[in-house]
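Have a look at the structure below before the remarks.
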Number of protein chains: 2
Amino acid sequence: MDQNNSILSEIFKGISFPNNEIDLIESKLETINLKKGDTLLRADETVLYQYYVYKGCIRTYYIDKYGKEHTLQFAINDWWISDYTAFFSTEKAIMHIEVLQDAELYRISKKDMEILFTETTQLETFFRKKMEKAFASFQKRILSNLAASAKERYVSFRTTYPNIEQNVKNYHIASYLGITTESLSRIRKELTQD
Amino acid sequence: MDQNNSILSEIFKGISFPNNEIDLIESKLETINLKKGDTLLRADETVLYQYYVYKGCIRTYYIDKYGKEHTLQFAINDWWISDYTAFFSTEKAIMHIEVLQDAELYRISKKDMEILFTETTQLETFFRKKMEKAFASFQKRILSNLAASAKERYVSFRTTYPNIEQNVKNYHIASYLGITTESLSRIRKELTQD
DNA sequence: TTAAAAAATTGACCTATGGTAATAAAATTA
DNA sequence: TAATTTTATTACCATAGGTCAATTTTTTAA
């Protein structure tokens, strides 16, 4: 198939694959359609896939010993998502993955990724660079949690992810920022008063 | 050179390189010896290298707008360290890197890494996997900051990194945990009373 | 389009951790 | 080993953000 007509040109933007590889890669990608509220993964499950978000909004969250939810990541169009700690190891999932807005995803299995990596170095480079970017954004998140107040983190979240805020509930954002929904509400009030 | 006598067998444990590659890789690694208190990198500098810690103890920290330090990572034997956000991009460093115990390091430049990646896929795979592990540990750190109390985080730090605690000051640990040195002191007192 | 459910806001009060300052202990260095 | 500097501890008070409970607003579904 011609790559120009293929989802590959969206997912792996910037890479042009030899024709013989395109069909192989496409054969490893599986489409999934999910509805708002659906669960993609639960803690304790085995994590076989990572997911490319073509449409919709997804979040990964952790449930602590008190039953409290903590949002690790949101994903919208053109993001990859999974419980990577489990996906990269042989551990079971610790995260839950939930659909916040009707979603169209492509999934690829760990096994197939390894096969593809041996076929085409470009793909391994692509995912290595994705990982570097994700690592960098986690680093910024850690520093922001250490150095910034709740209010500052919220303002920064809004400017960094304006497209996410529209898709999610305030209590999702609060659980991402590490504060309660009541605190977020007070912060929002202060901000409108400024 | 025979890989068995080479630092390569330590740094890239588990990979056996073809003989013709060993000299090439070694030619890209540079030894650096530093004293306690030395600075390896300052914010605003260009980050050309990543560093393999063969001996000693290193930390990366961020200085916020109030002048307060926040430790992002410690590194001891067999860890790689850099300001990765800058190293992987074209941005200037936001981190400082400081030597906490006399250190023997090997550094490799970004440019040389790219050259080596085109020579040998094994190296790219090695660094991709390193990055996956580092990403996973940052994920755990974020969740721990969201879900655990200062006391829990300290206890967890001690059990996860028993070899680091010996090498660093309490205020380094406090700034890693996101608390003041006074709070850490109170927590330590409580723990001895238990 | 209305009823029911879910989400957000607000107020009163509470708690974990921060700030300051003084002292003690430990580590350097002379 | 004595002197000096650095680090850690402690006490007292301050505050950001949490908890609980009531209410309002928004969303969803009948």
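Sequence lines set the chain letters: A, B, ... in the order given, protein chains first and strands last, and positions in each chain run from 1. Quantities reported herein were computed from a predicted structural model and do not represent experimental measurements.
When the C1' atom of D/dA8 is taken as reference, atom CD of B/E182 falls 9 Å away, rounded to whole Å. When rounded to the nearest whole Å, the span between CD1 of A/I179 and C1' of D/dG17 equals 8 Å. Rounded to whole angstrom, the span from the NZ atom of A/K189 across to the C1' atom of C/dT10 amounts to 7 Å. If you measure from atom CG of B/L177 to atom P of C/dG18, you get 10 Å, rounded to the nearest angstrom. Following rounding to the nearest Å, B/Y171 (OH) and C/dA26 (C1') show an atom-to-atom distance of 13 Å. Following rounding to the nearest Å, B/H172 (NE2) and D/dT6 (C1') show an atom-to-atom distance of 11 Å. Whole-Å rounding puts the B/K151 NZ to C/dG18 C1' distance at 18 Å. Atom CG in B/N145 sits about 18 Å away from atom P in C/dA16, given to the nearest Å.
Nearest to the side chain of A/K169, among D/dT27, D/dT10, C/dG19, sits D/dT27.
Remark: aromatic rings of B/F17 and B/F12 are close, center separation under 6.0 Å.
When each of B/G178 and B/K36 is assigned the nucleotide of DNA chain C bearing its nearest heavy atom, the one mapping closer to the 5' terminus is B/G178. When each of A/R188 and B/S183 is assigned the nucleotide of DNA chain C with its nearest heavy atom, A/R188 is the one assigned upstream, toward the 5' end.
Dashed line: the shortest gap from a side-chain N or O of A/N170 to OP1 or OP2 of C/dA7 is not under 4.0 Å. One finds a side-chain N or O of A/T180 lying less than 4.0 angstrom from the OP1 or OP2 phosphate oxygen of D/dG18.
Two residues are said to be in side-chain contact when any heavy atoms from C-beta on lie closer than 4.5 Å; B/Y52 and B/I81 fail this criterion. You'll find the side chain of B/I179 reaches within 4.5 Å of the side chain of B/I187, heavy atoms only.
If you check distances only, the side chain of A/R186 does reach the base of D/dT19 with a donor-acceptor pair under 3.5 Å.
Of the N and O atoms on the side chains of A/E132 and B/Y84, not one donor lies less than 3.5 Å from an acceptor on the other residue.
If you check every strand for non-hydrogen atoms under 4.0 Å, A/T181 touches a base.
For the pair B/R141 and B/Y176, the cation-pi criterion (under 6.0 Å, within 45° of the ring axis) is fulfilled.
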